[in-house]
A.B. asks: 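Dumping the structure here so I can ask a few things about it.
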Amino acid sequence: MTLGAKGGEKIKADGSLRSVAIIMDGNGRWAKKRLLPRTAGHKKGAGIIENVLNIFKEKGINCVTLYAFSTENWKRPKIEVDTIMNLIYKYLDEVVIKRIKEDENFCMRFLGDKNALPEKLRDKCIEVEEMAKDRAFVCNLALNYGGRDEIVRAAAAVAEKGLPMTEENISAHLYTAGTPEPDLIIRTGGNYRISNFLLWQSAYSEYVFIDTLWPDFGLKDIDFCIKEFYSRKRRFGGLDKEDDL
Ligand code: FPP
């Protein structure tokens, strides 16, 4: 089977790339290069999300997880935090709700503690989640999300229920319960860090770090990342047949 977006490189798929997660980094530098405030970079970065989701969907990926705001991002100046929260609200209200109504194959869920979000945004997230669940394509938006925080909460929930502390039980109590673990994690913006993203779920993910700043991320970069993914040998800790003694 070959998969490809319009105008993009055809990529041979063997079915092993189903779930992609992205650390959307570089908005501030994109703005700085243009002598604009950092908030302009976030605005531009918000504006490309639909295009990116559409490209991945066309390529047959059925789960895309986006790191929109971490538990650590509250440390940023208030103007920046407020701008990001407003952009996310606007995106949900103007784009996502319409899309869920029109596209029966699309739904969104949120990873992270909604309680600390501005009330208006929290209510919008709940509205979006309640509109549709478990459709063919799922976008997970990580919002007020931290990987360590997620693991601690999951372990506490397992303990509280008196369940055995097993990998299965922890997985079942993460924000991502029921969605596939990421096969591929992409970080834009040229830094080589994980930044507390999907720490549990990334145990066997392939990482691709690219220099492109998030607002410039598009089809060419996606083709590059997918090609890179398929060039890797995934062994999940085991050996290939040809490695046998
Ligand atoms: C990292 O870039 C980006 C963020 C912390 C926020 C991501 C937010 C968006 C893409 C916009 C809103 C999102 C949605 C879902 C509508 P940075 O600011 O750390 O960039 P820098 O490393 O160049 O400073």
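Remember, it's 1-based here, ligands and their atoms both numbered in the order they're listed. A quick note: this is a predicted structure, and the numbers were derived from the prediction, not measured. Each residue takes its place number in the sequence, starting with 1.
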A.B. asks: What residue and atom, counting heavy atoms only, is the protein's closest point to atom 6 (C) of ligand 1, and at what distance?
C.D. replies: Ala68 O, 3.4 Å
A.B. asks: Which option wins on minimum heavy-atom distance to atom 14 (C) of ligand 1: Ile49, Leu87, Ile22, Ile84?
C.D. replies: Ile49
A.B. asks: What is the closest protein heavy atom to atom 11 (C) of ligand 1, and at what distance does it sit?
C.D. replies: His42 O, 3.5 Å
A.B. asks: Indicate, with yes or no, if Met24 and Val208 share a hydrophobic cluster defined by side-chain heavy-atom contacts under 4.5 Å among Ile, Leu, Val, Met, Phe, Trp and Tyr.
C.D. replies: yes
A.B. asks: Any idea which protein heavy atom is nearest atom 13 (C) of ligand 1, and the distance to it?
C.D. replies: Ile88 CG1, 3.8 Å
A.B. asks: Among protein heavy atoms, which lies nearest atom 5 (C) of ligand 1, and at what distance?
C.D. replies: Asn73 OD1, 3.7 Å
A.B. asks: Excluding sequence neighbours, so at least two apart, what forms salt bridge (charged side-chain N to carboxylate O under 4.0 Å, His left out) with Glu102?
C.D. replies: Lys98
A.B. asks: Report, in ascending order of atom number, the atoms of ligand 1 lying under 4.0 Å from any heavy atom of Ala46.
C.D. replies: 11 (C), 12 (C), 16 (C)
A.B. asks: Between Arg109 and Thr179, do the side chains contain an N or O donor and an N or O acceptor separated by less than 3.5 Å?
C.D. replies: no
A.B. asks: Flag Tyr91 as yes when one of its N or O atoms lies below 3.5 Å from any N or O atom of ligand 1, and as no otherwise.
C.D. replies: no
A.B. asks: Counting heavy atoms only, which of Met24, Lys32, Lys43, Arg38 is nearest atom 24 (O) of ligand 1?
C.D. replies: Arg38
A.B. asks: Is it true that Arg76 lies under 4.0 Å from ligand 1, counting heavy atoms only?
C.D. replies: yes
A.B. asks: Which ligand 1 atoms are under 4.0 Å away from a heavy-atom of Leu141?
C.D. replies: 15 (C)
A.B. asks: Between ligand 1 and Gly189, can you find any atom pair, the residue atom being a heavy atom, that is separated by under 4.0 Å?
C.D. replies: no
A.B. asks: Among Asn196, Leu198, Asn140, whose side chain to side chain contact (heavy atoms under 4.5 Å, CB included) with Tyr145 holds?
C.D. replies: Leu198
A.B. asks: Of the backbone atoms (N, CA, C, O) and the side-chain heavy atoms from C-beta on, which set of Asn191 has a member under 4.0 Å from an atom of ligand 1: side chain, backbone, both, or neither?
C.D. replies: neither
A.B. asks: Hydrogens and angles aside, do Asp149 and Thr71 bring a side-chain donor and acceptor to less than 3.5 Å of each other?
C.D. replies: no
A.B. asks: In terms of atom number and element, which parts of ligand 1 are under 4.0 angstrom from non-hydrogen atoms of Asp25?
C.D. replies: 1 (C), 2 (O), 17 (P), 19 (O), 20 (O), 21 (P), 22 (O)
A.B. asks: Quick one: nearest non-hydrogen protein atom to atom 10 (C) of ligand 1, plus distance?
C.D. replies: Asn27 ND2, 3.4 Å
A.B. asks: If you count heavy atoms of other groups shown closer than 6.0 angstrom to NZ of Lys43, is the number above 12?
C.D. replies: no
A.B. asks: Go through the side-chain N and O atoms of Asn54 and Arg99 and say whether any donor and acceptor fall under 3.5 Å apart.
C.D. replies: yes
A.B. asks: Heavy atom under 4.0 Å from ligand 1: found in Leu213's side chain, backbone, both, or neither?
C.D. replies: neither
A.B. asks: Tell me whether Ile79 at atom CD1 has more than 12 heavy atoms from other residues, nucleotides or ligands lying less than 6.0 Å away.
C.D. replies: no
A.B. asks: What atoms of ligand 1 come within less than 4.0 Å of a heavy atom belonging to Arg29?
C.D. replies: 21 (P), 22 (O), 23 (O)
A.B. asks: Measure up the Phe106 and Phe137 rings against each other and bin them: parallel (under 30°), tilted (30 to 60°), perpendicular (over 60°).
C.D. replies: parallel
A.B. asks: Counting heavy atoms not belonging to Arg148, are there more than 12 under 6.0 Å from its CZ?
C.D. replies: no
